[in-house]
Amino acid sequence: MAENTTENHKRSSKISLRPIQLSHIDDFMVWATDDRVSQYCIWDTYTSKVQALDFIKNNAMPHPWFRVICVENRAVGSISVSPNSGNDSCRGELGYVLAYEHWGKGVATKVVKMVVSSIFREWPHLERLEAYVDANNKGSQRVLEKAGFIREAVLRKHRIIKGISRDMVVFSILSSDQHLDS
Amino acid sequence: MDSSRISLRPFELSDADDFLTWARDDKVTRYLRWETITSKEEALMHIQQVAIPHPWRRSICLDDRSVGYISVRPESGNDRHRAHIGYAIGSDHWGLGIVTVAMKMAIPSVFEKFPFIVRLEALVEEENVGSQRVLEKVGFVKEGFLRKYGFNKGEIRDMLIYSFLRTDKIA
């Protein structure tokens with residue numbers, strides 16, 4: 001898009017996080033049906049609105065912490081924090097997905113920072129926010145590094161994605177790490 | 001240590017006294033998720049309700065007497081290619097290489113029993129140097145340090161993470 005100059009990057013582009021609604025379905029389909037977006041995700045590219053509505057209604061809406069990422073009032077992706085139970089409840093897992101059109105503009109970094117600055121306050125028992133990224137997904141690794149996460153390890157064949165076991169890089173940020181100016 | 005004295009087998013109720021000998025020791029259970037066993041009744045209950053029904057738990061035996069255990073638990077669902085391995089041995093038998101020998105016996109057996117397991121992983125606390133040495137001697141790869149990873153015995157703990165893949169070679 002021609003108007004995405006550096007000046008526009010720096011200007012606040014009204015990025016916000018909002019609860020997901022069924023009315024987000026058309027925006028959701030834009031990223032959910034894109035193979036480039038789903039490539040490193042656990043889920044397979046969506047192929048129908050019915051499937052997508054089912055996910056929004058039965059997974060996203062009841063989720064403990066799920067938001068759509070909005071740029072200028074359009075949903076362009078989503079971000080979530082999944083808690084653990086019992087002995088592992090000090091740990092939560094961050095996940096996010098962004099429509100291809102909005103890659104490379106700092107949107108993901110911005111929203112990850114927004115989540116980091118609020119999740120530890122919302123969940124006082126949370127000590128560690130972690131994220132697992134496919135070792136080949138360099139873009140997402142850069143997002144987390146820019147957002148202040150520490151790269152801790154490469155876990156060999158840790159997750160199965162699209163039927164193949166993958167090496168996953170684990171990143172974390174602790175409630176004691178975060179800076180007040182995020 | 002003559003390694004022919006070391007064997008692995010499932011637990012039996014008749015192991016209760018030997019089990020109690022090492023499971024009642026705080027030094028042994030310190031880094032484990034389960035609490036010290038304090039009586040023969042508890043020992044019997046633990047063997048019957050935890051050790052015997054477990055997906056894969058074996059007694060480490062020295063001259064056929066239980067001196068410790070190795071435990072492997074596959075994750076569920078989409079992660080069942082991954083399994084957590086844990087172990088402990090009575091403090092009288094520390095530093096003799098027994099767990100190392102037992103682990104080298106256990107790993108091929110686990111991969112054979114669970115054809116879908118691709119990755120074994122072990123979480124160890126930083127100060128538990130003895131356990132780290134076992135993993136290194138067996139051939140586990142130290143992958144990293146996970147900060148404030150889990151809660152155990154009243155504290156949130158940092159953990160070192162090690163793994164052994166089906167494609168790795170026993171050291």
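Letters go in sequence order (proteins before strands), and every chain restarts at 1.
- Side-chain contact annotation: B:Ser131 with B:Tyr87, donor-acceptor N/O pair under 3.5 Å present.
- Across A:Arg151, A:Lys157, A:Arg128, the residue that shares the most heavy-atom pairs under 4.5 angstrom with chain B is A:Arg128.
- With a threshold of 4.5 angstrom between heavy atoms, A:Val170 approaches chain B through side-chain atoms but not through N, CA, C or O.
- Below 30°, between 30° and 60°, or above 60°: for B:Trp22 and B:Tyr69 the angle between ring planes is below 30°, a parallel geometry.
- In this model, no donor atom of one side chain and acceptor atom of the other lie less than 3.5 Å apart for B:Arg9 and B:Ser59.
- Residue contact with chain B, scored on non-hydrogen atoms closer than 4.5 Å, involves the side chain of A:Ser165 exclusively.
- Between B:Glu127 and B:Gln132, the shortest heavy-atom contact is N-NE2, 4.4 Å.
- The number of heavy atoms from other shown groups lying within 6.0 Å of CZ (B:Arg65) does not exceed 12.
- With a 4.5 Å cut-off on non-hydrogen atoms, A:Arg159 touches chain B through its backbone and its side chain both.
- In this structure, chain A has no heavy atom under 4.5 Å from any part of B:Glu75.
- A side-chain donor-acceptor contact under 3.5 Å links B:Asn152 to the backbone of B:Leu32.
- Between A:His102 and A:Trp31 the shortest side-chain heavy-atom distance does not fall below 4.5 Å.
- Although no hydrogens or angles enter the test, the distance criterion places no donor-acceptor pair under 3.5 Å between the side chain of B:His54 and the main chain of B:Gln49.
- At a heavy-atom separation below 4.5 angstrom, chain A is approached by B:Ile161, B:Ser163, B:Phe164, B:Leu165, B:Asp168 within residues 157-171 of chain B.
- When heavy atoms are compared at a cutoff of 4.5 Å, B:Arg147 approaches chain A by way of both its backbone and its side chain.
- For the side-chain hydrogen bond (donor to acceptor under 3.5 Å, both in side chains) condition, the pairs that include at least one residue of residues 54-63 of chain A, sequence neighbours left out, are A:Asp54-A:Asn58, A:His63-A:Ser82.
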